[in-house]
Number of protein chains: 2
Amino acid sequence: MKLTNTSEYALRILTYMAKDPAQLYSAKSLVEKLNISDKYLRRLMTTLSKQGFIYSIQGREGGYSFRKEPSEIRLADVVDAVEGMDTYAGCVLGFEECSCENPCVMHATWIKVREEFLSVFTNTTLADIDFEQAKRY
Amino acid sequence: MKLTNTSEYALRILTYMAKDPAQLYSAKSLVEKLNISDKYLRRLMTTLSKQGFIYSIQGREGGYSFRKEPSEIRLADVVDAVEGMDTYAGCVLGFEECSCENPCVMHATWIKVREEFLSVFTNTTLADIDFEQAKRY
DNA sequence: ATAATATACTACTCTATTGTAGCATTTATT
DNA sequence: AATAAATGCTACAATAGAGTAGTATATTAT
């Protein structure tokens with residue numbers, strides 16, 4: 001029950017930006033705040049830009065800002081964009097053919113966990129985050 | 001929300017064996033049934049043996065059988081033995097210092113998912129599996 | 001125009017997981 | 001004792017994710 005580092009980074013970045021969504025953020029400022037390596041963050045920002053979450057503005061005084069409203073960005077959308085959600089929707093034992101109609105022995109046990117994950121990640125947007133309760137960023 | 005392949009394999013093997021827990025299983029029979037490569041399965045069986053879940057009986061007519069009762073093997077124990085549960089207990093954004101006292105912005109959202117996972121995997125043993133409902137194995 | 005400052009792109013390296021090959025060891029059967 | 005059939009071990013190969021380096025491109029201020 002662990003996202004890839006890349007998904008973690010993407011969520012770190014976008015949740016950080018969502019706290020003040022109108023601002024323009026430079027790669028430099030994000031790197032300093034979020035403890036992600038410079039080059040890797042830049043590459044990820046390009047991905048997030050191409051996926052339509054953010055604008056990237058090149059040149060001096062450039063940076064990144066939201067293209068979509070935070071309320072229109074679900075956590076699952078972010079994960080899906082950078083690593084794909086397919087893995088998270090699959091069988092816990094790794095069987096391709098597993099489904100509710102053709103379940104593996106773990107299916108009934110696992111589905112409770114999987115549904116909770118999918119439910120939280122599809123029903124939570126960047127605008128739903130309670131920034132006040134957090135002691136970080 | 002995906003286990004490693006190795007964890008998947010370990011659970012495939014042990015849940016399969018748990019359906020008829022008194023039996024002695026050869027590596028060959030497990031490979032044929034469970035679609036795991038021969039060498040990798042053997043290595044994994046040695047790990048599961050060293051971790052105390054199963055006996056391994058060498059020589060002709062050898063094989064593997066349960067050392068612990070299936071009712072004493074929790075799913076979390078299996079995952080912990082082959083890949084460690086630490087990753088699954090951590091912060092969704094990857095912050096080392098994240099906790100309920102010092103939460104990240106995603107903490108409240110993520111904890112619901114994490115607790116469901118930990119609860120299911122620590123409260124389910126190999127004996128709790130409903131083999132009748134499964135259409136596989 | 002030029003310099004400064006920002007992002008974009010491509011290719012490479014590093015690391016951990018996963019998978020494979022070959023040989024060694026063990027034990028029952030004959 | 002020899003053979004056959006099983007597991008054990010060590011080293012290597014393949015792959016994917018993560019991270020790095022260097023160069024190219026774009027834009028603004030002067």
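None of these values were measured; they are calculated from a predicted model. Convention: sequence-line order gives letters A, B, ...; per-chain numbering from 1.
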Please state how far atom OH in B:Tyr40 lies from atom C1' in D:dT10, giving the value in whole angstrom units. 16 Å

Give the rounded distance in Å between these two atoms: NZ of A:Lys50 and P of C:dT7. 15 Å

When you measure from the side chain of B:Thr46, which nucleotide among C:dT18, C:dT26, D:dC9 comes out closest? D:dC9

What is the distance from OH of B:Tyr25 to P of D:dA6, rounded to the nearest Å? 17 Å

Examine C:dA8: is either OP1 or OP2 under 4.0 Å from a nitrogen or oxygen in the side chain of A:Ser56? Give yes or no. yes

Given the rule that I, L, V, M, F, W and Y join up when any side-chain heavy atoms are under 4.5 Å apart, are B:Leu41 and B:Leu24 in one cluster? no

Which of these nucleotides, C:dA8, C:dT18, D:dA18, is closest to any side-chain atom of A:Thr6? D:dA18

Is there, by distance only and without an angle test, a donor paired with an acceptor across the side chain of B:Lys39 and the base of C:dG22 below 3.5 Å? yes

Please state how far atom CG in B:Leu24 lies from atom C1' in D:dT7, giving the value in whole angstrom units. 11 Å

For atom CG of B:Leu3 and atom P of C:dT18, their distance in whole Å: 11 Å

When the distance from CD of B:Glu61 to P of D:dA5 is rounded to whole Å, what number comes out? 10 Å

Quick check on A:Asp128: does its CG atom have over 12 non-hydrogen neighbours (other residues, nucleotides or ligands) under 6.0 Å away? yes

Choose from D:dT7, D:dA5, C:dC9 the nucleotide whose nearest atom is closest to any side-chain atom of B:Arg60. D:dA5

From A:Leu14 atom CG to A:Ile129 atom CD1, the distance as rounded to the nearest 0.5 Å: 9.0 Å

Flag the pair B:Tyr40 / B:Asn5 as yes when at least one side-chain heavy-atom distance between them is below 4.5 Å, and no otherwise. no

Whole-Å distance separating the CD atom of A:Glu8 from the P atom of D:dG19: 10 Å

Can you tell me if B:Tyr9 touches the phosphate of C:dG19, counting only side-chain N or O atoms and a distance under 4.0 Å to OP1 or OP2? yes

Find which nucleotide of DNA chain D each of B:Gly59 and A:Asp38 is nearest to by heavy atoms, and output the residue with the more 5' nucleotide. B:Gly59

To the nearest angstrom, the CD1-P distance between B:Ile57 and D:dT7 comes to 10 Å

Considering the options B:Cys104, B:Ser99, B:Pro103, which one meets the side chain to side chain contact (heavy atoms under 4.5 Å, CB included) requirement together with B:Cys91? B:Cys104

Residue closer to the 5' end of DNA chain C, B:Arg43 versus A:Arg42 (nearest nucleotide): A:Arg42

